[in-house]
Every structure is written in C-alpha cells, then in structure tokens.
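Some notes on the structure that comes next.
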Amino acid sequence: MAMLPLWQRGDTLSQGLAVLHGIAEDPAAGRAEGDHMIDAFTGLDRYISRRVRAELVGWQQQGFTTVSQVHLPDAPEGTGLLADPHMRWNEDSPLRRAALAGLVYLRGRGAELDDIEMAGERLPTPRRMAGQRSEARWWINWKWHRFTSIPYCVTGGEAWLEVVQPTRTRPLTALVIQPGPKAEMFRG
C-alpha cells in the first residue's frame, strides 16, 4: 500500500480534510488486536491497567492461575455480614456494596468468614476476636491493591475475587482468580 500525504505546505485545512475524507474504508479491515486480552477482560479492559492485564495474562499462560469473570448480585437486605462496628464503610459506600456482594458470592462457594481477607484485612469474626487464627484462603479486593501477591495467595488458597469497578448503582463485575494447573510450581 502506498503512502498518501494528507497535507502539504501551503494547503488549507479544508484541502487536508478533503484528502482525509476521500480515503475509502477498507471493508476487510477489522478491529485491532487488544494488548494483553483474554475473554475474562471483555467489557472490563478500560478499568484494568495494561500492566495488571499483562501480569494476569502471563500468570494464566504459565498455568499458575486461571481468570474468569462473574457478575455479583447485591447482597440481600439485612445480611448482617458487615454489621460489626469495626467495619469502616458508610451504608451508601460503593466499597461496602462491593464487599457485601463479594462476601455473599464467596459464602455461596463455601468460604468461611474466618478464612476471608478483605482489602488486606481479616474480618473481625467472633472466632478471630476470641483469638483463634486461621490462614486466609479467600481474598476480596478492589482497585488492584497488592495485585502482585495474587499468585502467592491463590496458589496456596482458593480464590482471589477482584471487584473491578466498585459502584453504588451500576452492576458489579468481578474477576475470580483461582489456582491454575501449575500453581504448585509457582510456590516451589
């Protein structure tokens, strides 16, 4: 394909625009391939930085993790999951909404509250407050804080739930990152 100059010295703006608008659209042209894309990122890629996408794709390609997308329904009214006074979110906080939806989702997958770490903190469950300790096996996070620890966490646990764009009103979507077929190799 030959190069076409759009503008030459002395041309007016309207002459340059006429050349540009005179270029015929190629009916065989398609959409450009996205950088570091997998099916799980569909519709979410604008909320996930290129660096994070590259890491997640690399971990999945190496078999350390798997990544899938889930839609989180809102927690039912009166769940009582974040009723503890130690929890720091207002009733209308998008982070509280994301936390509740994540907790309900993980509970539905068999997670015990004692085994969940949320946004870098362990939940103040009655057993934990009584001094009983357990290792985190499930993680809920947002805004990609500490994302580089994902393979370290999930290869020895169950899953990392990353709520991609916490919001007060729009649907909540999350990525579920789980151990892949070669997860034990990452820790070794």
Side-chain angles (χ1 to χ4, degrees), residues 25-75 81-82 87-89 92-111 113 115-123 135-188:
E25 184 177 322
D26 182 356
R31 185 176 174 153
E33 181 124 0
D35 290 333
H36 310 293
M37 284 296 293
I38 54 176
D39 289 341
F41 298 158
T42 302
L44 302 175
D45 52 316
R46 69 177 165 213
Y47 303 116
I48 308 169
S49 74
R50 186 174 290 167
R51 175 179 173 231
V52 171
R53 289 195 324 251
E55 291 285 348
L56 291 171
V57 169
W59 295 333
Q60 182 164 292
Q61 288 173 342
Q62 295 171 64
F64 301 146
T65 63
T66 63
V67 182
S68 59
Q69 185 182 120
V70 296
H71 297 282
L72 301 175
D74 282 319
L81 286 173
L82 292 179
M87 302 315 283
R88 61 189 180 280
W89 298 298
D92 64 345
S93 167
L95 299 182
R96 184 177 197 282
R97 180 177 176 233
L100 280 169
L103 286 171
V104 169
Y105 176 80
L106 291 183
R107 294 285 305 272
R109 294 191 60 183
L113 292 178
D115 298 333
I116 297 174
E117 183 177 297
M118 184 166 32
E121 296 182 26
R122 300 303 297 272
L123 296 174
E135 291 296 318
R137 302 199 47 73
W138 306 83
W139 293 264
I140 300 173
N141 206 13
W142 42 80
K143 299 184 181 180
W144 299 105
H145 294 295
R146 301 178 331 124
F147 86 93
T148 55
S149 63
I150 290 172
Y152 297 100
C153 293
V154 301
T155 55
E158 299 293 331
W160 180 290
L161 185 73
E162 183 72 32
V163 183
V164 176
Q165 183 69 13
T167 173
R168 270 187 254 161
T169 57
R170 291 191 314 261
L172 292 173
T173 306
L175 294 178
V176 179
I177 304 161
Q178 296 178 276
K182 297 180 181 177
E184 69 284 345
M185 294 174 67
F186 187 84
R187 295 183 72 82

Kindly give the heavy-atom pair with the smallest separation between [X] and [Y], and that separation in Å.
X	Y	result
A75	L100	CB-CB, 3.8 Å
S149	R146	OG-O, 2.7 Å
G157	P179	O-CG, 3.7 Å
A159	V154	C-CG1, 3.8 Å
L161	A174	CD1-CB, 3.7 Å
W139	C153	CH2-O, 3.3 Å

Just so I know, are the side chains of [X] and [Y] near enough to count as touching, which here means a heavy-atom distance under 4.5 Å?
X	Y	value
L103	L113	yes
R53	M37	yes
W144	I48	yes
V164	L175	yes
E117	N141	no
F41	L56	yes

Item to complete: Tell me, with the steps shown, if L106 and E158 meet side-chain contact (heavy atoms from CB on, under 4.5 Å).
Response: CA-CA 10 Å; L106 291 183; E158 299 293 331; over 6 Å; no
Practice prompt. State which residues pass side-chain contact (heavy atoms from CB on, under 4.5 Å) with R46; sequence neighbours excluded, sorted by chain then number.
Written response: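 Expected list: none.
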Discussion item. Other residues, nucleotides and ligands only: do more than 12 of their heavy atoms fall within 6.0 Å of CZ on R109?
Written reply: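 Buried by this count: over 12 neighbours within 6.0 Å.
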Item to complete: May I have the step-by-step check of side-chain contact (heavy atoms from CB on, under 4.5 Å) for T167 and R97, ending in yes or no?
Response: CA-CA 8 Å; T167 173; R97 180 177 176 233; 3.7 Å; yes
Rounded distance (nearest 0.5 Å) linking atom [atom1] of [X] with atom [atom2] of [Y]:
X	Y	atom1	atom2	value
Y47	D45	OH	CG	10.0 Å
M118	W138	CE	CH2	15.0 Å
Q178	Q60	CD	CD	11.0 Å
D74	T169	CG	OG1	10.0 Å

Worksheet item: Hey, does the side chain of R107 reach the backbone of G102 with a donor-acceptor pair shorter than 3.5 angstrom?
Response: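 Checking the backbone N and O of G102 against the side chain of R107, no donor-acceptor pair under 3.5 Å is found.
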Discussion item. Testing E162, H71, Q69, Q165 one by one against T173 for a side chain to side chain donor-acceptor pair (under 3.5 Å), which residue passes?
Written reply: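 The residue from E162, H71, Q69, Q165 that satisfies side chain to side chain donor-acceptor pair (under 3.5 Å) with T173 turns out to be H71.
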Worksheet item: Parallel, tilted or perpendicular: which describes the rings of W59 and F147, with under 30° parallel and over 60° perpendicular?
Response: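 Taking F147 first and then W59, their aromatic rings sit tilted (interplane angle of 30° to 60°).
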